Amino acid sequence: MSGRGRIRVLNVAEKPSVAKSVAEILSRSGGGMRSRQGRSRFNRIFEFEYCIGGQPCHMLMTSVTGHLMELEFDDRFRKWHSCDPADLYHAPVRKHVPQDKLDIKRTLEEEARMCQWLVLWLDCDREGENIAFEVVEVCMAVNGHLNIWRARFSALIDREIHGSVQNLVRPNRLFADAVDARQEIDLRIGASFTRFQTMLLRDAFVLDFVRDNENVVLSYGPCQVVDVKNKEKLKYPPYPLSTLELQKRASRYFRMSSEHTMKVAEELYQAGFISYPRTETDGFSVNTDLQAIVREHFTHPAWGSYAQRLLDPDERLWRNPSNGGHDDKAHPPIHPTKLSTGEAGWTEDHKRLYEFVVRHFLACVSQPAVGAGTTVEIDIAGEKFFASGLVIIAKNYLDVYRFESWDGAVIPTYALEQQFLPTTLTLDSGVTRPPPLLSESDLLSCMDKAGIGTDATMHDHIKKLLDRHYATKDANTRFSPTKLGEALVMGYDDMGYELWKPYLRAMMECDMKEVSVGSKSKSEVLDSCLQQMKACFMDARQKKVKLLEAMELFFERSGRTGDAQSLGATVRPCSICNESNMLLKRRPNGEFMVGCQRFPLVSSTLCVFFNAY
DNA sequence: GCAAGGTC
């Protein structure tokens with residue numbers, strides 16, 4: 001029970017793991033935390049005592065799992081044949097909590113009723129701010145007296161978390177508005193084009209890839225171009241040391257054979273410097289006095305100062321070691337048992353292995369390293385180059401564990417407009433040739449560079465491509481567009497889509513930015529954007545013959561609508577095999593390719609394929 | 001039956 005004078009504070013994070021980490025950090029200095037099950041199996045509730053600005057608080061910390069709400073059309077417009085797809089540009093929409101999120105909603109309602117404050121611990125980006133307001137809406141509906149606060153933090157490290165809760169701010173409605181507008185535009189465009197092209201093409205052609213009774217949907221949707229932001233990344237220290245890890249790491253770091261490693265380790269053990277070296281255990285028992293082991297190393301010339309920092313509460317460097325999950329019930333993980341600065345008779349390998357065991361132990365009880373992923377775009381004589389890398393914010397355990405570095409190049413922080421000299425410039429010559437098919441990893445990095453989707457949604461977009469039969473993946477995970485994929489790109493390409501589509505999208509991104517800083521209102525942007533989007537839709541629909549023509553080159557007519565010739569399609573014979581279904585294609589990236597059914601086209605880049613959507 | 005984003 002909370003004591004007299006305490007206020008109850010409901011804290012909500014974007015995901016369960018963040019709720020747990022924040023609760024652990026905030027409760028460490030007090031009496032620890034308890035946890036209990038909420039209505040949702042995955043979103044536990046943590047409770048602990050904490051003081052905010054001198055005010056004693058009973059803290060309840062729980063989480064959502066990303067967005068709590070989805071946007072949908074009113075019932076009257078939900079059925080595909082209930083309206084003209086063009087009506088979807090002004091049909092009423094509403095936000096609602098989908099079925100699978102109702103248990104989280106109920107947890108929030110139950111807890112919010114009994115609280116005075118609500119603190120939002122969502123990610124500090126536009127989507128996070130939008131989710132914050134979804135949580136606010138649910139909580140305020142049951143308790144209108146809630147005092148609403150926003151915790152702003154950029155890393156799950158003690159200093160940041162304590163700092164943010166002592167400096168709470170108000171949530172930013174404008175950021176959330178920008179996302180609202182984005183959602184509404186995406187829904188209206190996506191639904192209208194999807195319904196239109198599905199209903200137009202599904203019945204007119206024999207779609208040979210369709211299995212019996214499968215309900216084909218030819219979906220259409222843009223991807224968000226995301227904010228350029230630095231994403232926090234954590235690199236965790238290793239688990240406590242088992243024999244197997246000792247051997248693997250000694251081999252990797254010192255090129256020592258496992259047999260020799262065990263001989264040296266055995267000698268260090270016999271002389272009392274390390275614990276028994278034959279163990280499968282990679283987690284410490286709760287009874288182990290880890291701090292005493294650290295304390296013994298305070299005076300070591302090389303790592304003594306790190307050991308001291310570990311036990312200094314102000315450094316916030318300590319972390320209870322994680323557990324690798326193996327336990328032989330006989331021996332603890334390998335750890336140092338006596339301080340040594342080197343003994344007479346030790347070989348280089350004795351020194352190396354002892355140092356390794358100590359540093360590994362100190363790393364296990366340290367905080368993970370914190371970094372920020374960064375992408376830098378460089379302009380050289382009008383050509384764009386990209387560099388991506390990592391800026392390390394806090395090295396933490398890497399300070400002592402010198403055997404490991406953070407993968408990938410570390411690039412310094414660049415300021416905008418900063419100039420620098422390239423060290424080498426090369427210009428490779430080459431001839432035009434069909435590029436190789438893209439692998440899944442190529443595709444992902446391609447999407448990443450082009451800003452298509454986000455880290456979290458890229459695999460979703462790829463899956464959707466496959467589900468919709470727009471592309472196939474072979475045994476080597478190489479992607480090829482299908483006939484349907486090629487036809488759709490070509491159809492829209494022939495409408496002149498590539499001319500106005502990217503322009504509109506870019507304009508929309510600018511509008512989102514303006515909403516988020518308050519220089520334009522959400523409704524103003526929605527009105528103008530949707531009006532133009534609707535004009536595009538009407539234009540595309542009016543040019544639907546282009547889509548039909550393109551489809552005709554790949555698929556047989558079902559006979560349920562008129563044929564392509566009568567609609568004005570141009571079909572030229574193939575210059576290679578003389579087949580009449582020859583096809584001259586201008587690809588979205590501007591190159592020309594020739595092909596027919598017997599000489600299928602080699603895919604250019606699927607990225608371009610994406611862009612055309 | 002449709003979009004995007006978040007996350008499990």
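Chain letters run A, B, ... following the sequence lines, proteins first and then strands; every chain starts at 1. Everything numeric in this text was worked out from a predicted model, so none of it was measured.
In this structure, A/Met69 places its CE atom 21 Å from P of B/dA3, rounding to the nearest Å. To the nearest angstrom, P of B/dG6 lies 18 Å from CG of A/Asn43. Taking atom CG of A/Asp87 as the reference point, atom P of B/dC2 lies 20 Å away to the nearest angstrom. For the pair A/Asp74 CG and B/dC2 P, the computed distance is 19 Å after rounding to whole Å. A/Arg195 has its CZ atom 10 Å from the P atom of B/dC2, to the nearest Å. Here the C1' atom of nucleotide B/dC2 and the CZ atom of A/Phe73 are 8 Å apart, to the nearest Å. Note: CG (A/Asp180) to C1' (B/dA4) measures 12 Å, nearest angstrom. Whole-Å rounding puts the A/Gln183 CD to B/dG5 P distance at 10 Å.
Position along DNA chain B of the nearest nucleotide to A/Leu187 versus A/Lys101 favours A/Leu187 as the more 5'-ward residue. Between A/Asp100 and A/Trp80, it is A/Trp80 whose nearest contact on DNA chain B lies nearer the 5' terminus.
Side-chain N/O atoms of A/Tyr89 and A/Ser192 include a donor and acceptor closer than 3.5 Å. A donor and an acceptor atom, one from each side chain of A/Ser63 and A/Asn43, are located under 3.5 Å apart.
Residue contacts shown for A/Leu71 include a base, since a base heavy atom lies under 4.0 Å away. Within 4.0 Å of A/Val179, counting heavy atoms only, lies no atom of the nucleic acid at all. Contacts of A/Thr194 with the nucleic acid, taken as non-hydrogen atoms under 4.0 Å apart, involve only primed sugar atoms and P, OP1 or OP2. Nucleic acid contact for A/Pro85: none, since no nucleic acid atom lies under 4.0 Å from a heavy atom of the residue. Counting any heavy atom pair closer than 4.0 Å across all strands shown, A/Asn130 reaches no nucleic acid atom.
If you check B/dC2, B/dT7, B/dA3 against the side chain of A/Asp186, the one that comes closest is B/dA3. Listed candidates were B/dC2, B/dC8, B/dG6. Nearest to the side chain of A/His67 is B/dG6. Of the listed nucleotides (B/dG1, B/dA3, B/dC2), B/dG1 has the atom at the smallest distance from the side chain of A/Arg202.
Using bins of under 30°, 30° to 60° and over 60° for the plane-to-plane angle, the ring pair A/Phe153/A/Trp121 lands in the tilted bin. Taking the six-membered ring where tryptophan is involved, the planes of A/Phe209 and A/Phe555 are perpendicular, since the angle between them exceeds 60° and thus also 30°.
For the OP1/OP2 pair of B/dA4 and a distance below 4.0 Å, the side-chain nitrogens and oxygens of A/Arg188 include no atom meeting the criterion. Dashed line: the shortest gap from a side-chain N or O of A/Ser219 to OP1 or OP2 of B/dA3 is under 4.0 Å. For the OP1/OP2 pair of B/dA4 and a distance below 4.0 Å, the side-chain nitrogens and oxygens of A/Arg126 include no atom meeting the criterion.
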Please step through side chain to side chain donor-acceptor pair (under 3.5 Å) for the pair A/His96 and A/Glu70, ending with a clear verdict. CA-CA 6 Å; A/His96 82 299; A/Glu70 280 176 11; 4.9 Å; no
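Using a cutoff of 4.0 Å between basic side-chain nitrogens and carboxylate oxygens, A/Asp87 and A/Arg188 are not scored as salt-bridged.
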